[in-house]
Amino acid sequence: MGPQGPAGPKGMSGSPGDSGLPGSDGEKGMKGERGDIGPAGLDGVPGTNGSSGLDGKTGERGEKGDAGMDGQPGTDGNPGAPGHPGEDGSPGPIGPKGQNGVSTTLIVLHSLSSHVPSCPNGFGIDYTGYSFLFVSAQGITIGPSLHDSGSCMETFNRNPLLGCNATSCDANTEMGYSYWLSSGRTSDVFDSDKSISKCTVCSGSGDVKVVHSFTTNKAKCSGEYSKTLYKGFSFAGHSGVSAAQTTPGSCLPKFVSKLTVKCSADASGCHVDETHRAFWLAAMNADQSTEGSGEERTSHCNVCHRPV
C-alpha cells in the first residue's frame with residue numbers, strides 16, 4: 001500500500017445524524033451574574049407570631065400634647081377632715097321681736113290646819129307637804145321664808161339637820177331643834193298628820209302681789225291685780241324668820257295664837273312651843289290698848305293675781 005495521498009476537497013454536508021445518547025453531566029460552571037428582579041410573587045401564607053422581643057429603652061419625654069376633652073364627673077370622694085374654725089363673723093342685724101313668753105309663778109299655801117289646802121283657780125298642784133319654819137342648832141338658825149317652796153316639806157322629819165365637820169357628819173346634832181307651823185290642834189298627844197299644818201305648792205302664770213289693809217276690814221284687789229287668790233291675816237314673822245310683806249308668805253289664811261310646834265333631836269319629841277313668839281301686823285282701827293283676841297286686832301290681807 002502506498003502512502004496516504006493529500007487531502008481532498010471538502011465534501012458536501014451530509015444529512016443530520018440521529019440524536020446521540022445524553023452525555024454525562026459536565027462540570028459545574030462558574031456563577032453567573034445576578035439577573036434582573038422578577039415580577040412580585042403571590043402573597044405567602046401568614047407566618048406564626050414570633051416571641052416577644054426585649055423591652056426597649058425608655059424614650060425621651062415627648063412634647064406636651066393638646067388638652068383632651070372633658071371627662072365624665074367622677075364619683076363622690078370620702079368626706080374630708082374637719083377644717084379649722086373660721087374667724088368670727090361680723091354681728092348680724094337685730095332680729096324681729098319675739099313673742100311674749102309666759103312666766104311661771106309659784107305660790108305656797110299654808111292651811112294652819114290638818115287639811116291640805118287647794119290651789120286657786122288657774123293654778124296647778126306641784127306637791128303637798130308639811131309647813132316647815134326653820135331649824136336651830138348650836139346657836140345657828142336656818143330656815144326659808146314662808147313664800148318659798150322650801151317651807152313646804154313633802155316628808156315630816158323632826159330632826160332634818162345634819163351636822164358635819166371636816167371628818168364626819170352626825171344627824172344627832174347636840175341641842176338641835178326643828179320648828180313647824182301648828183295646825184292649831186290643842187291636844188297634848190302629838191301626831192304629825194294632825195298637829196302640823198299642811199301646805200301645797202301651786203304653779204301658774206302671771207304675777208301675784210299682797211295687799212295689807214292695816215285694818216280689820218278686808219283688803220281689796222284692784223287694777224291689773226283685780227283677781228283675788230285668797231284672803232287672810234297679815235303675818236309679820238316669828239322669832240326665827242321674818243316674812244317679806246310683799247310676798248304671799250306674809251298673808252296666812254287664818255290667825256293662830258299658838259303658831260309653832262317645836263321638835264327636839266333627842267327623845268323628848270314634839271310639842272306646841274308656848275314660849276315661841278309670832279308677830280302679826282296690827283289693825284290701826286282696833287283698840288290696841290287692852291288685851292283681847294289677836295284675830296280681832298290683826299290686819300287683814302289679800303293675795304291678788306294679774307293674769308297674763
Side-chain angles (χ1 to χ4, degrees), residues 103-120 123-164 169-173 175-184 190 192-210 229-230 232-254 256 258-265 270 272-273 276-280 301 303 305:
S103 61
T104 299
T105 299
L106 289 181
I107 58 173
V108 183
L109 303 179
H110 301 279
S111 69
L112 296 180
S113 72
S114 59
H115 299 293
V116 176
S118 300
C119 292
F123 282 75
I125 296 177
D126 280 5
Y127 66 89
T128 62
Y130 299 84
S131 300
F132 173 66
L133 285 176
F134 63 94
V135 291
S136 177
Q138 298 178 350
I140 300 174
T141 298
I142 305 169
S145 296
L146 288 178
H147 69 276
D148 291 332
S149 58
S151 67
C152 188
M153 305 284 277
E154 293 186 78
T155 303
F156 173 76
N157 181 1
R158 65 185 180 90
N159 183 28
L161 195 64
L162 185 66
C164 298
C169 295
D170 184 9
N172 296 318
T173 304
M175 298 299 290
Y177 299 95
S178 64
Y179 294 81
W180 306 77
L181 283 180
S182 169
S183 67
F190 176 78
S192 60
D193 283 330
K194 296 179 180 179
S195 302
I196 303 295
S197 167
K198 298 299 189 300
C199 55
T200 301
V201 177
C202 308
S203 61
S205 60
D207 298 319
V208 296
K209 75 173 184 178
V210 181
L229 294 183
Y230 67 89
F233 295 86
S234 301
F235 180 62
H238 51 86
S239 55
V241 179
S242 62
Q245 302 308 302
T246 59
T247 66
S250 66
C251 188
L252 296 181
K254 70 177 185 178
V256 176
K258 297 180 180 179
L259 187 70
T260 308
V261 172
K262 179 180 179 180
C263 295
S264 174
C270 303
V272 174
D273 189 359
H276 192 85
R277 301 194 67 182
F279 299 90
W280 304 79
C301 55
V303 177
H305 180 228

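Heavy-atom basis, side chains included; hydrogens, waters and symmetry copies ignored.
- In this structure, T247 OG1 and L146 CG are separated by 8.0 Å, a value rounded to the nearest 0.5 Å.
- The side-chain heavy atoms of L229 and P248, taken from C-beta on, include no pair separated by under 4.5 Å.
- For K258, the salt bridge (Lys or Arg N to Asp or Glu O under 4.0 Å) partners two or more places apart in sequence, or in a different chain, are E274.
- Here the straight-line distance linking atom CZ of R277 with atom OG1 of T260 works out to 12.0 Å at 0.5 Å rounding.
- Atom CG of L112 sits about 4.5 Å away from atom OG of S197, to the nearest 0.5 Å.
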Between H147 and L106, is a side-chain contact (heavy atoms from CB on, under 4.5 Å) present by the stated rule, with each step listed?
CA-CA 8 Å; H147 69 276; L106 289 181; over 6 Å; no
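- Here the straight-line distance linking atom NZ of K262 with atom CG of L133 works out to 13.0 Å at 0.5 Å rounding.
- For S136 against Y179, the heavy-atom pair with the smallest separation is CB-CE1, 4.2 Å.
- The shortest heavy-atom contact between C119 and V201 is SG-O, 4.4 Å.
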F123 vs H305, ring pair (Phe, Tyr, Trp, His ring centres under 6.0 Å): CA-CA, chis, key distance, verdict
CA-CA 11 Å; F123 282 75; H305 180 228; 5.2 Å; yes
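- With sequence neighbours left out, the side chain to side chain contact (heavy atoms under 4.5 Å, CB included) criterion links V135 to F132, I142, P160, L161, S178.
- Under the salt bridge (Lys or Arg N to Asp or Glu O under 4.0 Å) criterion, D148 pairs with no residue, sequence neighbours left out.
- With hydrogens and angles ignored, the 3.5 Å screen pairs no side-chain donor or acceptor of K254 with any backbone N or O of F233.
- Checking side-chain atoms of S114 against main-chain N and O of K194 turns up no donor-acceptor pair under 3.5 Å.
- Taken from SG in C202 to OH in Y127, the straight-line distance is 10.5 Å, to the nearest 0.5 Å.
- For the residue pair P117 and L109, the shortest heavy atom distance occurs at CG-O, 3.5 Å.
- Between atom SG of residue C301 and atom CG of residue L252 there is a gap of 7.5 Å, rounded to the nearest 0.5 Å.
- Residue F134 comes nearest to H276 through the heavy atom pair CZ-CE1, 3.6 Å, listed as atom of the first residue, atom of the second, then distance.
- When all heavy atoms of I196 and W180 are compared, the pair lying nearest together is CD1-CB, 3.6 Å.
- The shortest heavy-atom contact between W280 and A278 is NE1-CB, 4.0 Å.
- Applying the side chain to side chain contact (heavy atoms under 4.5 Å, CB included) criterion to T128, with sequence neighbours excluded, gives V116, I125, T200.
- Under the side chain to side chain contact (heavy atoms under 4.5 Å, CB included) criterion, S182 pairs with V261, sequence neighbours left out.
- In this structure, the side chain of S111 engages the main chain of S113 through a donor-acceptor pair within 3.5 Å.
- Under the side chain to side chain contact (heavy atoms under 4.5 Å, CB included) criterion, C199 pairs with H110, S131, C152, not counting sequence neighbours.
- Under the 30°/60° scheme for interplanar angles, the aromatic rings of F156 and F190 are found to be tilted.
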